[in-house]
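Report on the following structure.
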Amino acid sequence: MGGSRLVGALKLWYIHHRRDLPWRRTRDPYAIWVSEIMLQQTRVEAVIPYYERFLARFPDVPALARASEVDVLSAWSGLGYYSRARNLRRAARKIAEAGSFPRDFESILALPGVGAYTAAAVASIAFDEPRAAVDGNVLRVLSRIGNDPSDIGSQAARARFQTQADALIDRNDPATFNQAMMELGATVCLPRAPRCLLCPVSAFCEARKQGTANELPVKRRKTATTEVEMTLVIVERPGRILLWKREAAGMMAGFWELPDASLLPSLKVRRPAGVFTHTIMNRRYRIQVVAGRLTKVPAGLDSPKFQWIARKEMSEMPVSTIARKALALAPPGTSTSRVRPGT
DNA sequence: AAATCGGGGAT
DNA sequence: ATCCCAGATTT
């Protein structure tokens, strides 16, 4: 099917047009693995600063393996999908115990938080194993090249695309092939307005020929979003703010949050601090922020999940993005509670 | 197969 | 306002 000519054109294009990304300057499997986990459902520009800070703080597997979960989550705070951070640390401990980094697709796949895509990416980029890494970019590129209207969400279609990509892969240089396919999807074969005039493989693209590139890939719609309203309260003692900690299991487990007004019956609102919206998956939060004080200690405030936290400490703690956004609306000293600790 | 898990940038 | 991003895991 002219695969080798397509691959040749793709590779030549990639050599000249690839972005200079931090994880492309190393062949350290650990660093490549960390980058791939961070890049799951996350844009390159968002990952770069996190990647550099994370590698500086946890430079190798042993450093990550001996870190506490709170430290790892703190380094991940704001990046989203926090189970990635927990699994990354768990996997590092497994690797440290095993004594060496796993060197083939199957062993890498066995690590927590690593699926077919990530295992293929690490195995090919770090160890030259010819295994196609099929991500959202590659699904889009392949669906267009073949003018394939399959729903890319379906399992059967995924399997077919994986087979296609494995057949197409350059066995002499799988690392370059995989990254070139993804780079093409990320910078040329774009979701909305593909830049076909700049595409090195447009001559091999059936969708280009049929004029259907804009309609591909086909993807099933997702469910509608629901609205949620909250009023978050900033109660401040000099230099400290009242936060509560999420349960050890469930969404954003162990993260710190601002209290909702419903948690504080004795709240006296001093002044509104602002309003903002935040979307998490299919929920849209409309959040009012108020600064206030407490006239008496509410029941449960002495529970360990409530604590007075200094603003400076928060940079080293897993704090939800909603709480960070809310706090950004209220500069220090906005509100001072008269309740003393332990009373 | 469908739901869930974060957050933000582009359109 | 919607889409979707170098996806994985659970239900």
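Chain A is the first sequence line, chain B the second, and so forth, proteins listed ahead of strands; every chain is numbered from 1.
No contact: R324(A) has no heavy atom under 4.0 Å from any strand. Residue contacts shown for T118(A) are limited to sugar-phosphate atoms, with no base heavy atom under 4.0 Å away. Among the heavy atoms of the strands lying under 4.0 Å from M251(A) are primed sugar atoms or P, OP1, OP2 only; no base atom is included. Across all strands shown, A193(A) has no heavy atoms under 4.0 Å from either base or sugar-phosphate atoms. V114(A) comes within contact range of the sugar-phosphate backbone alone, with a heavy-atom separation under 4.0 Å but no base atom that close. Across all strands, R24(A) comes closer than 4.0 Å to base atoms (heavy-atom distances). Residue I322(A) is classed as having no contact, given no heavy-atom separation below 4.0 Å to the nucleic acid. When heavy atoms are screened at a 4.0 angstrom cut-off, G78(A) is found touching the sugar-phosphate backbone but no base atom. Counting non-hydrogen atoms under 4.0 angstrom, W76(A) reaches nothing in the nucleic acid.
Ranking dG7(B), dC5(B), dT4(B) by closeness to the M281(A) side chain, first place goes to dC5(B). Residue R192(A) places its side chain closer to dT11(B) than to any other of dG7(B), dT9(C), dT11(B).
Annotation: dC4(C) and dC5(B) have their C1' atoms spaced 15 Å apart (nearest Å).
Scanning residues 36-55 of chain A for heavy-atom distances under 4.0 Å to DNA chain B yields Q41(A), T42(A), R43(A).
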